[in-house]
Amino acid sequence: MTKAEHSPRFDRRTTIKWMLAAAASMRLRAATAAQPENSGPLHHNGPAHGYGTDPNLQTPYSPGMLWPLTLNPTQRRCATALSDVIIPADPYSPSASSVGVVDFIDEWISAPYPEQVTDRAIVIPGLAWIDAEAQRRYGHDFAALDASGQDAICKDICYQPEASAQFQQGAAFFARFRDLTAGGFYTSPAGTKDLGYIGNMPLAKFDGPPFEVLKQAGLA
Amino acid sequence: MPFITASAAQERHYDVIVIGSGAAGGQSAYTLTMEGVKVLMLEAGRRYTPEHETPMFQTAYTAPLREASTPDKPFGFYDATIDGGWQVPGEPYTSASDDPTRQFWWWRPRMLGGRTNHWGRIALRNGHYDFKPHSRDGLGRDWPIGYEEVAPYYDRVERLIGVYGANDGLENTPNSPPGVLMAPPKPRVGELLVQKGSRSLGVPFVAMHRAVMTERLDHERLPALLHPGNATAQRIIKADMQNRAACFFATPCGRGCSIRATYQSTTVHLPPALATGHLDILCDAMVREVVQGKNGKATGVRFIDKITGKEHHAQARAIVLAAGACESVRILLNSDSVRSGGLANSSGLVGRYIMDTVGAGLYGQVPRLESLPAHNEDGAGGEHLYAPWWLYGKDNVAKLGFARGYHIEFSTGRRAPEMDVAGGLEVLTHGSYGARFKADVRRYYGSFVGFAGRGEMIPNDDCYCEIDPQVKDHWGIPVLRFHWRWSDHETRQAAHMQKTFADIVQNLGGRVLSKVAADGKQAIEPGGKIIHEVGGTVMGANAHNSVTNQWGQTWDIPNLFVTDGGTFCSNADKNPTLTIMALAWRASDHLVSLMKRKEI
């Protein structure tokens with residue numbers, strides 16, 4: 001390991017989990033405190049299959065532009081149905097699949113980076129598992145089930161600490177798929193609006209929190 | 001004479017070659033060219049133009065993987081780092097130990113302006129204690145200079161770059177003279193809550209100091225203060241100040257700032273330096289070594305043009321190493337020398353006493369921040385408040401188990417959504433999905449607070465770098481091999497950080513969401529992870545115990561200077577960039593005076 005660096009081919013070690021990362025996938029947002037987890041002293045930035053270390057930052061990207069996508073029509077149908085169970089349309093915003101979340105998840109699990117490669121190994125078998133579970137229970141793929149059938153399966157896998165032994169694999173998949181769905185949805189314009197993020201807007205001055213915010217937080 | 005080719009650089013004769021273009025190289029080139037000195041700047045990365053390349057208003061939606069960090073872009077897709085990270089393609093380094101706790105993570109960017117394009121903009125002064133730590137507790141090294149010697153240069157740097165903050169008069173946390181700092185932005189609601197909730201713990205949260213302009217620079221008043229008696233310099237900087245806009249309280253600082261409201265070498269130091277007509281910049285120039293003449297003086301440098309792969313030679317009356325603490329060490333150790341063991345190394349201390357910052361973090365959630373009315377919390381990008389170290393005392397080793405201290409950085413608020421904005425919520429939601437999940441996400445958005453301690457490491461004999469006897473980089477240049485070991489002072493401090501952060505979160509009625517490690521070895525970030533590496537060419541009072549004098553001038557070679565963080569004798573909890581710039585200005589003033597007196 002110590003001298004691995006002079007060889008032209010470098011192993012990428014799997015993600016090192018340092019303490020800050022122990023907060024699961026929750027974020028620590030200060031720019032100064034941002035703590036990337038995946039490039040330690042013995043990693044190399046890796047092969048040129050990603051976007052590289054000097055990508056064009058001005059051009060907009062969309063799934064499929066940088067690397068080939070993965071999901072076949074069956075998997076897409078399943079991912080579409082599941083993402084919409086997790087984030088359905090409501091009075092505030094549309095459903096996950098209607099803002100491109102399935103395309104995004106496909107981009108994510110098709111990427112050549114370690115974290116995404118790990119997720120690919122969770123999502124592809126997970127989609128197969130949930131279709132198999134739907135077949136087992138109802139004789140149809142997950143996407144073909146009515147809302148109550150989909151809900152019955154999701155109830156069993158939505159919270160890993162309370163999922164029974166037979167649903168542990170499904171629950172691990174569901175947790176990750178929900179994070180990916182939410183990540184894709186809330187970074188879309190519709191999801192960002194739903195959150196009530198109203199920044200990224202030049203201001204002549206910064207006034208600090210409005211009175212009603214201070215009041216609600218017990219500071220006024 | 002701005003951006004030139006390698007062949008052109010080889011043909012010209014310069015007063016000074018500056019190696020590196022970040023905080024140290026930028027400040028050195030600025031100070032020298034403003035005094036009429038002809039400078040060649042060599043940068044190992046590519047040319048970078050923030051005005052055109054900064055992705056100011058782009059959102060995660062338009063980025064690959066919604067801007068998530070990857071090995072190619074460790075701080076996220078839009079981060080202003082080019083060809084950089086803890087690994088740089090083609091430029092390896094090695095660790096002497098297989099033990100992860102004894103490995104050093106070496107961050108390098110490869111771009112004009114270096115890491116100043118993406119840095120956190122935190123600009124804190126060292127205090128009186130920080131220059132004389134050994135005198136206070138018998139550990140580490142004293143600097144050969146005190147706060148009084150550096151203070152005038154802190155003033156100048158703050159006036160030049162623009163720093164927001166306040167004078168709170170706290171212990172070992174120096175005030176700036178009146179009129180130097182810009183007004184700090186108002187705290188966000190989460191910052192106010194933390195400030196209030198920490199009072200009973202005795203932790204004082206005050207205005208952060210960041211190199212972000214909350215107002216325009218006073219171009220009528222400041223030039224004469226920065227360059228007294230130098231009409232040309234005053235005219236140039238007066239014009240340049242009028243081209244810098246104040247912060248408009250949007251877009252993340254780490255992407256860089258195309259309106260030049262924050263300090264980056266590329267937006268603050270290099271434009272006026274280029275306007276003097278005395279600066280040539282050569283990018284993609286990888287320096288192999290400093291060349292020493294028969295008279296013992298440095299005569300120039302050998303570098304590789306990364307575009308052609310050809311080696312070139314450039315000459316000057318003096319050489320300034322500003323490549324970053326460890327890269328400057330590497331250049332010295334790789335340079336031919338009549339002595340063995342590299343250039344300017346008669347002390348044997350080149351590469352010794354590498355330090356980083358002690359880092360540990362904790363994450364929490366605060367119910368009082370849930371479901372707040374939508375409001376814009378972008379503010380000035382980074383922190384508006386921080387807590388300076390509050391437990392100064394001479395018997396801290398006995399009382400706390402460690403010497404020295406740390407400050408607290410923290411982050412709250414309704415920030416631009418990224419991939420993890422609603423990730424890992426199960427601990428709060430018990431696995432909700434559907435309409436309830438959407439309601440939960442709205443409820444919890446903006447209610448998280450992340451703390452990061454940034455503390456002082458004491459230099460030790462086990463933290464150093466040397467040339468690896470076997471490994472070479474893509475250009476055939478021998479690489480660095482690192483040795484690392486935290487002492488108990490650092491690991492115990494990291495444990496103290498997490499305990500303090502947990503106390504604060506609990507004081508706020510919040511939930512601690514990350515583990516509080518009883519053993520600081522589990523809490524502390526790896527060496528180099530905080531990217532505050534300094535030391536390796538430490539300054540001192542004499543040639544036996546240090547590599548340079550108080551001006552960064554190497555004892556062995558009078559026309560060879562180090563102006564990066566390499567000369568640091570200690571690494572106070574204060575982030576090093578402001579001190580690097582102050583010392584680089586001071587060193588460059590000294591170099592100018594030596595050149596004027598024809599001593600160089």
Side-chain angles (χ1 to χ4, degrees), chain A residues 1-2 5-6 19-20 22-34 36 38-41 43-46 50-54 57 60-61 66 86 88 90 113 154 158-159 179 182-183 186-188 192 195-203 206 208-210 212-213 216-219, chain B residues 55 60-62 64 66 69-72 74-75 78 82-83 85-87 89 92 94-95 98 103 105 120 122 185-186 189 192 248-250 254 361 363 368 372-376 378-379 382 409 411 415 417 419-424 430-431 433-435 438 445 450 452 471 513-515 523:
Chain A
M1 284 283 278
T2 312
E5 305 270 346
H6 64 279
M19 263 318 295
L20 266 185
S25 57
M26 290 188 154
R27 63 198 185 144
L28 183 60
R29 294 299 306 278
T32 48
N38 50 9
S39 21
H43 306 120
H44 189 268
N45 271 353
Y51 47 63
T53 53
D54 187 11
L57 303 185
Y61 292 83
L66 291 168
I86 292 166
D90 70 0
Y113 301 110
C154 289
C158 71
Y159 188 43
D179 281 356
Y186 289 107
T187 53
S188 76
T192 298
L195 280 177
Y197 172 73
I198 55 171
N200 208 31
M201 185 75 72
L203 303 174
F206 180 73
E212 61 267 28
V213 169
Q216 194 173 320
L219 291 164
Chain B
Y61 189 61
T62 57
R66 302 292 162 97
S69 68
T70 66
D72 280 337
F75 282 88
Y78 288 130
I82 292 170
D83 297 330
W86 285 284
Q87 286 299 337
T94 62
S95 296
D98 285 336
Q103 292 173 352
W105 297 33
I122 292 174
K186 288 183 180 157
V189 60
L192 289 168
F248 54 32
F249 305 107
Y363 203 69
R368 281 162 79 191
L372 290 178
H375 63 291
N376 184 340
D378 283 1
E409 301 172 10
S411 146
R415 305 302 181 89
M419 261 311 283
D420 50 0
V421 67
H430 286 237
Y433 59 90
K438 291 178 85 171
Y445 172 59
V471 183
L513 296 175
S514 42
K515 202 173 147 226

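In what follows, chains are A, B, ... by sequence order, proteins preceding strands, each numbered from 1.
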TODO: Take A:Leu57 and B:Tyr78 through the test side-chain contact (heavy atoms from CB on, under 4.5 Å) and record every step on the way to the result.
DONE: CA-CA 6 Å; A:Leu57 303 185; B:Tyr78 288 130; 4.2 Å; yes

TODO: Go through the steps to decide whether B:Asp420 and A:Tyr186 satisfy the test side-chain hydrogen bond (donor to acceptor under 3.5 Å, both in side chains), and finish with yes or no.
DONE: CA-CA 9 Å; B:Asp420 50 0; A:Tyr186 289 107; over 6 Å; no

Task: Stepwise side-chain hydrogen bond (donor to acceptor under 3.5 Å, both in side chains) test for A:Tyr197 and B:Asn376 - done: CA-CA 7 Å; A:Tyr197 172 73; B:Asn376 184 340; 5.7 Å; no

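A side-chain donor from one of A:Thr53 and B:Asp83 sits under 3.5 Å from a side-chain acceptor of the other. A side-chain donor from one of B:Thr70 and A:Tyr51 sits under 3.5 Å from a side-chain acceptor of the other.
B:Lys186 contributes no side-chain N or O that, together with a main-chain N or O of A:Pro209, makes up a donor-acceptor pair within less than 3.5 Å.
The minimum heavy-atom distance between B:Met419 and A:Thr187, with the atom names listed, is N-CG2, 4.0 Å. Of all non-hydrogen atoms in A:Ala182 and B:Ala422, the two that sit nearest each other are CB-CB, 3.8 Å. Contact between B:Pro373 and A:Gln216 at its shortest, heavy atoms only, is CD-OE1, 3.3 Å.
Annotation: the span from B:Asp72 atom CG to A:Asp54 atom CG amounts to 10.5 Å, rounded to 0.5 Å. A:Thr192 OG1 to B:Tyr445 OH: the interatomic distance, rounded to the nearest 0.5 Å, is 8.0 Å. Taking NE2 from B:His375 and CD1 from A:Ile198, the interatomic distance works out to 8.0 Å, rounded to the nearest 0.5 Å. Once rounded to the nearest 0.5 Å, the distance linking NE2 of B:His430 with SG of A:Cys158 reads 11.0 Å.
Heavy atoms closer than 4.5 Å to chain B are found in both the backbone and the side chain of A:Leu195.
By number of non-hydrogen pairs under 4.5 angstrom with chain B, the leading residue of A:Pro60, A:Pro210, A:Gly199, A:Gly208 is A:Gly199. Among A:Leu219, A:Asn200, A:Ile86, the residue making the largest number of heavy-atom pairs under 4.5 Å with chain B is A:Asn200.
Looking at heavy atoms from C-beta onward, B:Phe249 lies out of side-chain contact with A:Pro202 at the 4.5 angstrom threshold.
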